[in-house]
Amino acid sequence: MPLYRAPTKDMQFLLHDVFSISAADILGYRELDPEFTNAIITEAGKLATEVLHPLNKIGDQEGCQLNDGVATTPTGFKDAFDQLKAGGWTSLDMPSEFGGQNIPYVIHTAVSEIFSAANQSLAMYQALTHGAAFAILTHGSEEQKQTYLPPMISCNWTGTMNLTEPHCGTDLGLIRTQAIRQSNDTYKITGQKIFISSGEHDLAENIIHLVLARISNAPKGIKGVSLFIVPKILPKEDGTLGSRNTVRCDKIEKKMGIHGNSTCVMNYDNATGYLLGEPHKGMRAMFTMMNEARLGVGLQGYAQAEVAYQYAVDYAKERLQGRDITGTKAPEDAPDPIIVHPDVRRSLMDQKSFIEGARAFVLWGATLIDRSHRLNDTESDGLISLLTPVIKGFLTDQGHAMTIQAQQIFGGHGYIEEWGMSQFVRDARITMIYEGANGVQALDLVGRKLAQDGGKNMKTFLRLIDDFINKNTNEESQFLQDCIDPLSTASKHLKLAVQSFHEKAPKHPYFSLAGSSDFMHLFGHVCLGFMWAKIATAAQATLNDDTTDIAFYNSKLVTARYYMTRCLAATSMHLKRIQSGEDLIMALSAFEL
């Protein structure tokens, strides 16, 4: 079985050459020198390669089993999870007062990619716990923080979020789960939730469910939804575990992928719950978790593409088939390896340029989150709010497409389970669906995020690109112009798309909605183009300093030019689709489709 190799060198390049994190004015960044970050990332990579990834296929084949309400995870998962806990990997960026290490979120993000690429199903147990803990940290009372955060940060207890019900997914105003207040200020929670990742398992001694429910006599719709902490086992006043709560997993869903993660149907039968945050303000608290989860899911999209790409490159170098059209490249063999063929090389370059650009995009997003949280920077907070649906939607759409391209490199073998490529395609597919399906992300982007704060956040983004272009326009460097000119054109396409929405939407209500997915992809390509322009500028500057690793930086320059020339051109297509309007999309009636 091929090995997963953590992209530690690329991460170090992005953190220090492109984003210069140790020179940033963000609290905690000064300590992030190259030696420190390399030690963390290298150790995470070692754990991923030696422990997590060998279990990936086992998790896919065995799945999770449910017997009388008790779920067991695949062979080896419990020991691997214990190693994650023992190494402190679950607590990297959490506050030290609750047992965390208070390392900036950007490092947590880099480590999360490594673990997700190695074994997405296993990594999800910790990732969901991280999001649930952050929601409690942000919205919980002091007593709730003291009770739940230490064991959740250590992952002795894990966490979930319970939103979806059989009759509603995106429209959470339709939820029926009820919360009845008791005399002791607890609530009795009754209802059913479906698609609950990590809802029941054997990795931790307790599971803390965050459950959306409706308090009796609450306002109708989304304004009447509240969020509750509902433990599997109720903690005593001293923090030890007490009696079993009346919450039960009745089914583990049989899914297309992520078999190693237990996706559960959860039933609450007068279960004891504790209000998290204010009554009827549940979505505010839940979105604290959802927004982090959406960045994490975008990360999953390109992480699966990364591991699939690694498999594909190794296979393309070894698989012998045909001869190079310009002459024999491997005379010692009967045919040449397929990596000599231009169409195989094209596919690998598509994958490589997307993955490395996506990694830069998400790490940049993580620095915006750090700046927002650690400096209370409102501009960064607004910017990451705007970019979140792009990170989630665009990176998972493209990430899944790249796993398919990697599978295609294997030909017929890619369709055979023993080669492992099918799992990457199947596991990546869920990222386009959960934490808000990508069509919903696109609608959120054009319907809410563009107009947020009077369009201020989009203006900030466009100003960043304009400032970068103005600063780096250099007609003496043809290479840099080969990156700057396409970025300038693509950003103009983005501006024209925004202008089209402003002009047409008031009189044509379907116009923006019809163009929403194309706009999300146009925006995503501009973001990756921006990242590749930054990468190219940093790589060129390093080469000018007589670096000892010329091949690495030359590779960055070539890949940057590839993306800017071949991939960024897609913005023109998406703009034309947006400007074509809604007429053809809505021309046939519902009965004619």
Side-chain angles (χ1 to χ4, degrees), residues 6-45 88-89 91-96 100-116 130 134 292 295-296 298-299 302-303 306 355-384 387-388 391 395 460-461 464-465 467-468 471-472 527-528 530-543 545 547 549 552-553 556 560:
T8 53
K9 188 170 186 176
D10 192 39
M11 288 180 173
Q12 284 288 94
F13 164 69
L14 291 171
L15 292 172
H16 298 288
D17 289 18
V18 177
F19 298 123
S20 303
I21 59 170
S22 58
D25 61 347
I26 304 172
L27 294 175
Y29 270 45
R30 188 166 296 178
E31 290 75 26
L32 300 181
D33 60 74
E35 184 178 357
F36 179 71
T37 59
N38 186 62
I40 294 175
I41 294 170
T42 299
E43 283 303 307
W89 295 107
S91 65
L92 284 179
D93 65 315
M94 299 304 282
S96 55
Q101 300 175 59
N102 207 33
I103 295 173
Y105 182 74
V106 68
I107 303 303
H108 165 84
T109 301
V111 170
S112 294
E113 181 203 325
I114 292 170
F115 291 162
S116 183
H130 186 278
F134 189 67
E292 179 187 317
L295 186 139
L299 179 151
Y302 77 82
E306 166 68 38
I355 293 162
E356 293 178 11
R359 178 176 299 121
F361 185 23
V362 168
L363 289 176
W364 178 51
T367 67
L368 293 175
I369 290 175
D370 276 331
R371 185 170 290 279
S372 170
H373 291 170
R374 290 171 175 252
L375 297 180
N376 293 317
D377 187 305
T378 57
E379 182 173 278
S380 296
D381 186 65
L383 194 53
I384 192 60
L387 296 174
T388 293
I391 290 172
L395 296 190
T460 297
F461 177 79
L464 289 175
I465 291 185
D467 289 349
F468 180 87
K471 180 180 178 181
N472 291 281
C527 289
L528 262 62
F530 186 26
M531 292 300 103
W532 271 115
K534 283 178 168 287
I535 290 168
T537 303
Q540 185 67 68
T542 306
L543 276 173
D545 292 337
T547 179
D549 197 352
F552 174 82
Y553 293 101
K556 289 295 179 187

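Small disclaimer: the values here were computed from a predicted structure and weren't measured.
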query = If you round to the nearest 0.5 Å, how far is OH of Y105 from CG of L295?
reply = 4.5 Å

Note, N376 side chain near D381 side chain (heavy atom, < 4.5 Å) = no

query = Does Q101 use its side chain to pair, donor to acceptor, with the backbone of G88 at less than 3.5 Å?
reply = yes

ask   = Do the non-hydrogen side-chain atoms of Y553 and Q540 ever get within less than 4.5 Å of each other?
value = no

Non-hydrogen atoms of G28 and P104 that approach each other most closely = O-CG, 3.8 Å

message = Using only atom types and a distance under 3.5 Å, with no angle test, would you say the side chain of S372 pairs donor to acceptor with the backbone of L368?
response = no

task = Write down the atom of W364, the atom of M531, and the distance for their closest heavy-atom approach.
result = CE3-CE, 3.6 Å

request  = Output the distance between atom CG (L528) and atom CG (L395), rounded to the nearest 0.5 Å.
outcome  = 6.5 Å

task = Find out whether I391 and V362 are in side-chain contact, i.e. whether some heavy atom of one side chain is under 4.5 Å from a heavy atom of the other.
result = yes

query = Hey, what do you get for CG (L32) to CZ (R30), rounding to the nearest 0.5 Å?
reply = 11.5 Å

query = To the nearest 0.5 Å, what is the distance between CG (D17) and CD1 (I535)?
reply = 11.0 Å

message = To the closest 0.5 Å, what do you measure between CZ (R374) and OG (S380)?
response = 13.5 Å

remark   = Correct closest heavy-atom pair for L299 and S116 would be CD2-CB, 4.0 Å

key: Between Y302 and E113, a side-chain donor and acceptor under 3.5 Å   = yes

request  = Side-chain contact test, heavy atoms from C-beta onward, threshold under 4.5 Å: evaluate it for Y29 versus T367 and give yes or no.
outcome  = yes

remark   = Closest heavy-atom pair, V106 versus D370, reported as atoms and distance to 0.1 Å, is N-OD2, 3.0 Å

Backbone N/O of I384 and side chain of T388: donor-acceptor pair under 3.5 Å = yes

key: Salt bridge K556-D10, side-chain N to carboxylate O under 4.0 Å   = yes

ask   = Can you list the steps and then say if L363 with T109 is a side chain to side chain contact (heavy atoms under 4.5 Å, CB included)?
value = CA-CA 7 Å; L363 289 176; T109 301; 4.1 Å; yes

query = Looking only at heavy atoms, which two atoms of A110 and I41 are closest? And how far apart?
reply = CB-CD1, 4.4 Å

task = Determine the interplanar angle of the H108 and H130 rings, folded into 0 to 90°, and report it as parallel if under 30°, tilted if 30 to 60°, perpendicular if over 60°.
result = parallel

Basic-acidic side-chain contact under 4.0 Å: E379, R371 = no

query = What pairs with T37 under side-chain hydrogen bond (donor to acceptor under 3.5 Å, both in side chains), at least two apart in sequence or on another chain?
reply = Q12, H16

inquiry  = Please report the interatomic distance CE(M11) to CD1(I40), rounded to the nearest 0.5 Å.
reply    = 12.0 Å

inquiry  = Go through it in stages, so that I can follow the logic: the residues are F36 and E31, the test is side chain to side chain contact (heavy atoms under 4.5 Å, CB included), and I'd like the CA-CA distance, side-chain angles, deciding distance and then a yes or no.
reply    = CA-CA 8 Å; F36 179 71; E31 290 75 26; 5.6 Å; no

ask   = Are the side chains of C527 and L387 in touch, meaning some heavy atoms are under 4.5 Å apart?
value = yes

task = Please check if the side chain of N38 supplies one atom and the backbone of P34 the other of a donor-acceptor pair under 3.5 Å.
result = no

key: Within-4.5 Å side-chain heavy-atom neighbours: L383 and L464   = yes

ask   = For the rings on F552 and F13, is their centre-to-centre separation under 6.0 Å?
value = yes

